[in-house]
Trainee: 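Got a structure here, written out as structure tokens. Questions coming.
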Amino acid sequence: MIHTLLVTIIVEGALGLGYSIWRRKPVAAILITGIFANLLTQSFLWVVLNFFFSHYLTTLLLAEILIWMIESLLLYSVPANRLRFNDAILLSLSMNLGSFALGWFLAI
Amino acid sequence: MIVKFTKLFLSLLFLQLLVPARVVLADTGPKPTMDFEFKQELTGEQVTITSGVLYECEQLDCSDASPLMEGGPQRFTCEANSCHALAYGFSPYHRLEIQFSDGQTRQSNIFETAMFNSTYTVTVRPDDLLVEGQLSLERFSRVTIILLTGVCVLAGGGLLIGLIILRRSKRT
């Protein structure tokens, strides 16, 4: 369990780290927010997929869009991240697209 | 604030421990699976699986059956006494066609997708296969699912309210 959670956090963490260094943003705050957001959104996605398993792709797509919004809001709302709303949206999108794209090709 | 944040973080981390590893890789897109455990009702020598096909159907009578396509991680694989399928979503109905070491190919009844991660018992009979879903919810009890949903709703609601309060307090 911890192993699989770590994979997601590592992928999104690496993207968050890259963004923080590139845009000179606080690394620790963004990483901690990302981890917290993932714990929340993973639980959410797991629940909805188990409930609506017969419409897997539709559910996954809608849930991922919602997760992108939630994570954007979280990243923006933590003052220590020093992110503008547009930055938070872009960062969340890149983190989620990165982990989603990797997961799409993995047998997990 | 930091103490509250830490407590919430640890609570969510603990929540993750309740969920089996194989289905939790959320943002990377967990995929539905099917597991088939075979038991034999044959007189004489026991047989083993040599190969198999999982047919996917949209129609109840499986008149539109087509094999589960292979692509990326999506596939149907078998070992001597079990089979496993992983897909980017399954059709509502299915049928198994398995070749055995006795040279015979047996077909199953039509069965439905049971859960996100379904487990089935397949009884090998002299002329066919009987697939039955294991609906005991042994992996996740209903209580666990309800608890998780409740926690998610509470956490999400609390988070939104907290964010609204935080934004308002920053403005004033």
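Sequence lines set the chain letters: A, B, ... in the order given, protein chains first and strands last, and positions in each chain run from 1. Everything numeric here is computed off the predicted structure, so don't read it as measured data.
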Trainee: How many angstroms lie between CE in B:Met115 and OG in A:Ser54, if you round to the nearest 0.5 Å?
Mentor: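 Result: 12.5 Å between the selected atoms.
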
Trainee: Are A:Phe36 and A:Val27 linked, directly or through intermediate hydrophobic residues, by side-chain heavy-atom contacts shorter than 4.5 Å (ILVMFWY only)?
Mentor: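 No; A:Phe36 is not reachable from A:Val27 via cluster members.
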
Trainee: Residues two or more places apart in sequence or in another chain: which of them pass ring pair (Phe, Tyr, Trp, His ring centres under 6.0 Å) with B:Tyr120?
Mentor: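 Listed in chain order: B:Phe36, B:Phe111.
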
Trainee: Looking at B:Ala114 and A:Phe53, what are the two nearest heavy atoms and their distance?
Mentor: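 Reported closest heavy-atom pair: O-CZ, 3.2 Å.
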
Trainee: Check the hydrophobic clustering (I, L, V, M, F, W, Y; side-chain heavy atoms under 4.5 Å; chains of links allowed) and say if A:Leu66 and A:Phe52 are grouped together.
Mentor: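 In one cluster with A:Leu66: A:Phe52, yes.
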
Trainee: Would you say the side chain of B:Phe116 lies within less than 4.5 Å of the side chain of A:Phe51, judging by non-hydrogen atoms?
Mentor: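 Not in contact.
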
Trainee: Can you name the residues that form a salt bridge (Lys or Arg N to Asp or Glu O under 4.0 Å) with B:Arg125, not counting sequence neighbours?
Mentor: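 Per chain and number, B:Arg125 pairs via salt bridge (Lys or Arg N to Asp or Glu O under 4.0 Å) with B:Asp128.
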
